[in-house]
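Quick note: numbers below take in every heavy atom, side chains included, and nothing from hydrogens, waters or symmetry partners. Keep in mind that what you see is a predicted model, and the values were worked out from it rather than measured. Letters go in sequence order (proteins before strands), and every chain restarts at 1.
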Number of protein chains: 2
Amino acid sequence: MRSASDLTARARIRDAALARFGTDGIAGTSVRAVAADAGVSPALVMHHFGSKDELRQACDDYVLDSIRNGGEAATEALGEILRAATPVRRYLARALLDDTPAAGALFAEIVERTEAWLAAGEDEGWVRASADAKARAVTYVSWLLAPLVLGNQVGRLLGGDPAETATAVRGARAGLEMLTHGLFADDRWLTAFTDIEKRTRP
Amino acid sequence: MRSASDLTARARIRDAALARFGTDGIAGTSVRAVAADAGVSPALVMHHFGSKDELRQACDDYVLDSIRNGGEAATEALGEILRAATPVRRYLARALLDDTPAAGALFAEIVERTEAWLAAGEDEGWVRASADAKARAVTYVSWLLAPLVLGNQVGRLLGGDPAETATAVRGARAGLEMLTHGLFADDRWLTAFTDIEKRTRP
DNA sequence: CAGAACACTAAACGTTTGTTCAGCTCGTGT
DNA sequence: ACACGAGCTGAACAAACGTTTAGTGTTCTG
């Protein structure tokens with residue numbers, strides 16, 4: 001258990017920035033606010049990171065490392081993300097929406113791994129075949145990330161703290177149900193969708 | 001087909017704000033930028049809306065109306081969202097992440113409608129039973145909203161403009177496949193999840 | 001022990017921010 | 001013809017912004 005004071009000032013600033021950026025957004029966070037949270041002067045932030053944008057990049061790198069080195073074999077992307085610390089999650093959500101280079105790279109990486117994972121599952125027979133493996137992987141990852149990005153909304157409706165484990169588990173279980181047994185009992189929506197597709201592109 | 005010039009200045013300001021807020025975020029958008037996009041002076045923005053925050057509220061209200069009055073019977077939430085104009089979509093994504101009151105209300109509303117819709121489908125036999133109807137509805141709506149919020153990432157990987165219809169359709173189809181036939185062919189993940197749940201909460 | 005290197009700050013820089021204010025230009029009702 | 005309110009602007013405001021500068025200690029190093 002580490003307390004705030006036995007971290008180096010540089011790390012304290014990075015942590016404060018991560019939390020602030022995550023909750024208030026990058027544009028909505030001032031260097032002064034980060035400095036105040038870290039208990040240092042605004043000038044020290046510049047001394048260590050050069051500029052606000054470089055501070056943001058440092059956060060990007062930190063989050064990338066946290067997630068990449070979080071899971072051992074990284075077989076399942078779900079676990080990695082859910083296990084990551086809360087400020088990191090919130091920051092990641094912001095970064096994905098703000099379309100940070102690092103976040104884009106991470107998203108692409110997760111999709112790639114997931115696609116391989118799904119392909120392996122397909123070979124081994126526990127994943128169904130797909131007409132568009134890439135699109136499926138992208139959509140699947142989007143779905144995994146959705147409760148993370150929409151955490152506040154989901155949490156409020158499912159009761160309790162959005163970051164609370166119990167709430168996340170409840171949603172995850174509902175999702176897993178849909179993914180194994182399906183949501184719809186027949187093909188009506190799928191065929192309806194195909195019809196629309198044909199009509200639009202004959 | 002309406003051109004930018006035959007709208008009232010008030011509407012032009014609102015549209016410009018919607019677009020800017022959507023792409024740059026609310027904190028990242030200045031009143032001056034909005035005014036410049038709308039071809040008016042910053043002072044006129046204040047004249048019409050009073051403050052930046054009231055301008056944001058006006059955007060909230062507009063998006064709410066756009067979506068609420070968009071679908072006729074609103075049987076399926078999916079169509080409404082996908083059919084909404086692109087700036088509105090992007091703004092909605094931002095608002096959901098920034099946790100605007102209006103966005104929260106809208107999310108809750110969509111979930112409520114979806115839950116009723118799924119319950120009706122369950123009665124009619126084309127939706128499978130669920131252990132946790134509320135959690136399923138919340139998760140389902142999150143999944144619908146995911147490509148919207150993560151549009152940039154999804155679009156980049158699926159090729160082409162994120163807002164492009166073809167790209168969105170490709171992801172939507174992959175999602176629909178998973179929802180009707182399921183993704184996993186057996187219960188291994190679901191039972192694994194249940195095991196973890198039991199071990200955590202005995 | 002001198003001195004370079006480092007961590008750190010107070011104060012100020014110029015810019016941009018949201019907002020205000022006085023005043024301009026109209027079309028409309030009297 | 002006159003006044004009036006609505007639409008609209010340029011200039012200015014104080015506050016907050018990211019960043020710079022000059023300088024203070026403190027700690028390694030030769």
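For B/D132, the salt bridge (charged side-chain N to carboxylate O under 4.0 Å, His left out) test picks out A/R170, with sequence neighbours left out. Under the side-chain hydrogen bond (donor to acceptor under 3.5 Å, both in side chains) criterion, A/E112 pairs with no residue, sequence neighbours left out. For A/D123, there are no side-chain hydrogen bond (donor to acceptor under 3.5 Å, both in side chains) partners two or more places apart in sequence or in a different chain. Residues passing the salt bridge (charged side-chain N to carboxylate O under 4.0 Å, His left out) test with B/R56, sequence neighbours excluded: B/D53, B/D60. With sequence neighbours excluded, the residues forming a side-chain hydrogen bond (donor to acceptor under 3.5 Å, both in side chains) with B/K134 are B/E115, listed by chain and number.
Counting only distance, with no hydrogens or angles, the side chain of B/K52 and the backbone of B/I26 share a donor-acceptor pair below 3.5 Å.
Salt bridge B/R136/B/E122: present, at least one basic N to carboxylate O contact under 4.0 Å.
Comparing the start and finish of the helix from C/dG3-D/dC28 to C/dT30-D/dA1, five pairs each, the helix axis swings through 10°, to the nearest 10 degrees.
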Atom pairs, N/O to N/O, protein against nucleotides 25-28 of chain D, distance under 3.5 Å?
none

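In this structure, the separation between OG1 on B/T100 and CG on A/N152 is 11.0 Å, given to the nearest 0.5 Å. The distance from the CG atom of A/D15 to the OH atom of A/Y62 is 5.5 Å, given to the nearest 0.5 Å.
Taking the centre and axis of the six-membered ring of B/F21, the NZ or CZ atom of B/R90 falls outside the cone set by 45° and 6.0 Å.
B/M46 places its CE atom 13 Å from the C1' atom of D/dC13, with the value rounded to the nearest Å. The distance between atom CZ of A/F49 and atom C1' of D/dT19, rounded to the nearest whole Å, is 16 Å.
For residues 28-45 of chain A, proximity to DNA chain D is found at A/T29, A/S30, A/V31, A/R32, A/A43, defined as any non-hydrogen atom under 4.0 angstrom from a strand atom.
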Quiz: residues 32-43 of chain B side-chain donor-acceptor pairs under 3.5 angstrom, not counting sequence neighbours:
from	atom 1	to	atom 2	distance (Å)
B/D37	OD1	B/R20	NH2	3.4
B/D37	OD2	B/R20	NE	2.6
B/S41	OG	B/L44	N	3.4

All N/O donor-acceptor pairs, side-chain side in residues 175-185 of chain A, below 3.5 Å, sequence neighbours left out:
from	atom 1	to	atom 2	distance (Å)
A/T180	OG1	A/L176	O	3.3
A/T180	OG1	A/E177	O	3.3
A/H181	NE2	B/D187	OD1	3.4

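Chain A approaches DNA chain C over the interval C/dA7 to C/dA12, counting the first and last nucleotide 5' to 3' with an atom under 4.0 Å from its heavy atoms.
For the pair A/H47 and D/dT19, the criterion of a side-chain N or O lying under 4.0 Å from OP1 or OP2 is not met.
The salt bridge (charged side-chain N to carboxylate O under 4.0 Å, His left out) analysis of residues 97-106 of chain A, with sequence neighbours excluded, yields the pairs A/D98-B/R94, A/D99-B/R156.
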